[in-house]
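Computation of the quantities below employed the complete heavy-atom set of this structure, encompassing side-chain atoms and omitting hydrogens, waters and symmetry-equivalent molecules.
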Amino acid sequence: MEQASGPARGRTLVRNIGLLLSGDLANPILEADAILIEDGKILAVGRAAELAAHGPTDSIIDAHGCAVAPGLVDSHVHPVIGDWTPRQNQMGWVESNLHGGVTTMISAGEVHLPGRPKDIVGLKALAITAQRAFFNARPAGVKVLAGAPVLEKGMVESDFAELAAAGVTLLGEVGLGSVKAGYEAREMVAWARKHGIQSTIHTGGPSIPGSGLIDKDTVLEADADIIGHINGGHTSLPEAHVCELCERSSRAIELVHNGNERVAIAAVQAARDLGQLHRVILGTDSPAGSGVQPLGILRMISLLSALGGIKAEQAFAMATGNTARIRNLDAGMIETGRAADLVFLDRAQHTAGRDLLHSIELGDIPGIGGVMIDGAMRCGRSRNTPPAERVPEMLGH
């Protein structure tokens with residue numbers, strides 16, 4: 001565990017980028033080979049010769065022709081305290097995800113805390129504690145946006161105002177607490193939205209004994225900001241119901257690793273056919289009964305590309321810029337002024353793919369050669385991905 005130390009200071013030039021993925025679904029590949037970073041933010045993007053006009057740099061990273069993408073965003077995790085999950089009694093799961101290219105995680109509720117308080121005073125206290133703790137200490141430098149209270153019966157508007165004033169910006173999955181009826185959830189979701197708190201709703205069958213079914217009519221009535229794990233977590237609604245949600249709701253369509261893969265493909269194709277790919281965001285819904293998947297977001301990118309017919313660069317945008325826009329993040333895109341959260345990656349050694357994007361479209365996952373958060377390199381060659389053909393090199397000045 002490490003304290004949040006703030007962004008890297010000084011100027012860093014990343015040069016010799018072979019492929020620059022923007023994270024922007026509308027323009028997913030940039031005609032550029034260099035990024036200039038200052039004090040943890042992207043200062044300029046372009047050709048290295050052009051960026052030289054900005055003056056001297058403190059350090060240089062030679063990408064050696066590998067690709068650079070925005071740091072991946074996991075839109076659906078269940079953290080508890082620090083880098084430990086009681087769900088699988090596992091230490092270091094967040095840091096393992098860093099090695100899968102994830103630089104930001106968003107909590108869908110700290111529901112795995114043993115003895116999680118369900119009274120209103122207790123649930124508010126837990127949410128505020130989680131928000132503060134992960135703000136103050138980032139596991140491996142990863143940005144964990146936590147403090148997502150689960151709705152319980154008896155909450156009133158003033159509770160949401162109090163949570164918002166304390167810095168809470170998220171609701172845990174609607175339906176994991178005692179509030180399960182659509183009309184009850186709709187009122188509370190509206191209170192949350194009024195006070196700047198974003199909501200996600202559980203979709204599908206019970207996740208563990210004690211939770212319940214949330215069907216399509218409840219999802220539509222509640223009208224949460226994000227249709228959480230629309231492909232089930234784990235058990236999906238019928239495929240036709242999922243496609244109906246894509247058509248009848250305008251809210252974000254969240255696809256997760258720990259769900260029904262067939263339905264994930266159906267949902268992304270429904271979104272594509274509706275011209276609504278900008279609504280699709282990706283998560284893992286981990287830790288869960290199926291464990292922790294450090295490469296879960298990469299695997300979702302590969303799944304949607306290889307079996308869903310989505311271009312690899314568009315699938316990357318679903319895991320980065322789409323989520324950044326819907327979640328109001330300052331990262332997720334290669335764009336001036338945004339946080340310098342970057343992943344250096346290349347095709348895996350001995351893949352049949354001719355390049356990074358082709359290898360993903362064939363169903364392989366890429367190799368990661370380094371991950372940067374706020375301008376600081378947080379890991380080099382990933383211990384979890386297959387080895388990348390090319391990796392970046394720190395050159396100093």
Check [X] against [Y] and note the closest heavy-atom contact, atom names and distance.
| X | Y | value |
| --- | --- | --- |
| A306 | L362 | CB-C, 4.1 Å |
| S286 | G291 | CB-O, 3.7 Å |
| W93 | M105 | CZ3-CE, 3.8 Å |
| P294 | S96 | CB-O, 3.3 Å |
| V189 | A224 | CG1-CA, 3.9 Å |
| V142 | T104 | CG1-N, 4.3 Å |

May I have the step-by-step check of side-chain contact (heavy atoms from CB on, under 4.5 Å) for T284 and I297, ending in yes or no? CA-CA 7 Å; T284 58; I297 298 296; 3.9 Å; yes

For [X], enumerate each residue passing the side chain to side chain donor-acceptor pair (under 3.5 Å) test, keeping only those at least two apart in sequence or located in another chain.
| X | answer |
| --- | --- |
| S178 | E152 |
| D33 | none |
| T385 | none |

I'd like to know whether K180 forms a side-chain contact (heavy atoms from CB on, under 4.5 Å) with V174, so could you lay out the CA-CA distance, the side-chain angles of the two residues, the decisive distance to 0.1 Å, and finally the verdict. CA-CA 7 Å; K180 300 185 188 298; V174 176; over 6 Å; no

Pair E95-R383, salt bridge (charged side-chain N to carboxylate O under 4.0 Å, His left out): steps then yes or no: CA-CA 11 Å; E95 193 248 355; R383 67 167 188 266; 2.8 Å; yes

Would you indicate whether the side-chain heavy atoms of [Y] and [X] approach each other to under 4.5 Å?
| X | Y | result |
| --- | --- | --- |
| I214 | V219 | yes |
| V280 | I310 | no |
| I368 | L298 | yes |
| E254 | I227 | no |
| L19 | I29 | yes |
| E239 | V242 | no |
| L126 | L113 | yes |
| I360 | F316 | yes |

Connected via hydrophobic side-chain network under 4.5 Å: [X] and [Y]:
| X | Y | answer |
| --- | --- | --- |
| L329 | V102 | no |
| V371 | L145 | no |
| L307 | L295 | yes |
| M333 | L345 | no |
| F134 | V292 | yes |

Rounded distance [0.5 Å steps], [atom1] in [X] versus [atom2] in [Y]:
| X | Y | atom1 | atom2 | answer |
| --- | --- | --- | --- | --- |
| D159 | L123 | CG | CG | 7.5 Å |
| M300 | L304 | CE | CG | 4.5 Å |
| N136 | Q131 | CG | CD | 8.5 Å |
| E38 | L43 | CD | CG | 5.0 Å |

Has the side chain of [X] got a donor or acceptor atom that lies under 3.5 Å from a matching backbone atom of [Y]?
| X | Y | answer |
| --- | --- | --- |
| S22 | N27 | yes |
| S359 | L356 | yes |
| D83 | V94 | yes |
| E221 | T218 | no |
| N231 | N260 | yes |
| N97 | G100 | no |
| R47 | A34 | no |
| N258 | D285 | yes |
| D364 | T351 | no |
| S199 | D225 | yes |

Does the side-chain contact (heavy atoms from CB on, under 4.5 Å) test come out yes or no for R116 and V111, once each step is laid out? CA-CA 7 Å; R116 172 175 65 89; V111 292; 4.0 Å; yes

Could you go through the salt bridge (charged side-chain N to carboxylate O under 4.0 Å, His left out) check for K194 and E157 one step at a time? CA-CA 9 Å; K194 176 180 176 181; E157 183 177 348; 2.8 Å; yes

Please list all pairs meeting side-chain hydrogen bond (donor to acceptor under 3.5 Å, both in side chains) that have one or both residues in [range], counting only residues at least two apart or in different chains.
| range | result |
| --- | --- |
| residues 181-190 | K153-E184 |
| residues 295-323 | H257-R299 |
| residues 325-341 | K41-D330, S75-R327, K143-D341, Q198-R327, E335-R338 |

For [X], what are the other residues in its hydrophobic cluster, where any two members join if their side-chain heavy atoms are less than 4.5 angstrom apart?
| X | value |
| --- | --- |
| I326 | I226, I281 |
| I334 | V14, I17, L20, L30, I35, I37, I42, V45, I61, V68, L342, F344, M372, M377, M394 |
| V256 | none |

Pairs in or reaching into residues 31-86: which pass ring pair (Phe, Tyr, Trp, His ring centres under 6.0 Å), with residues at least two apart or in two chains? H76-H78, H76-H229, H78-H112

Going through the distances and angles, do R347 and D355 end up as a salt bridge (charged side-chain N to carboxylate O under 4.0 Å, His left out)? CA-CA 6 Å; R347 68 176 189 170; D355 55 32; over 6 Å; no

Would the number of heavy atoms belonging to other residues, nucleotides or ligands and lying under 6.0 Å from CZ of R9 be above 12? yes

Using distance only, find each side-chain donor-acceptor pair of residues 161-172 under 3.5 Å and give its atom names and separation, not counting sequence neighbours.
unit_1, atom_1, unit_2, atom_2, d
E162, OE1, K124, NZ, 2.7

After noting the C-alpha distance and the side-chain angles of S249 and L220, does the key distance pass the side-chain contact (heavy atoms from CB on, under 4.5 Å) rule? CA-CA 7 Å; S249 172; L220 289 169; 4.0 Å; yes

Quick one: side chain to side chain contact (heavy atoms under 4.5 Å, CB included) partners of S107, sequence neighbours excluded? P79, E110, A146, A148

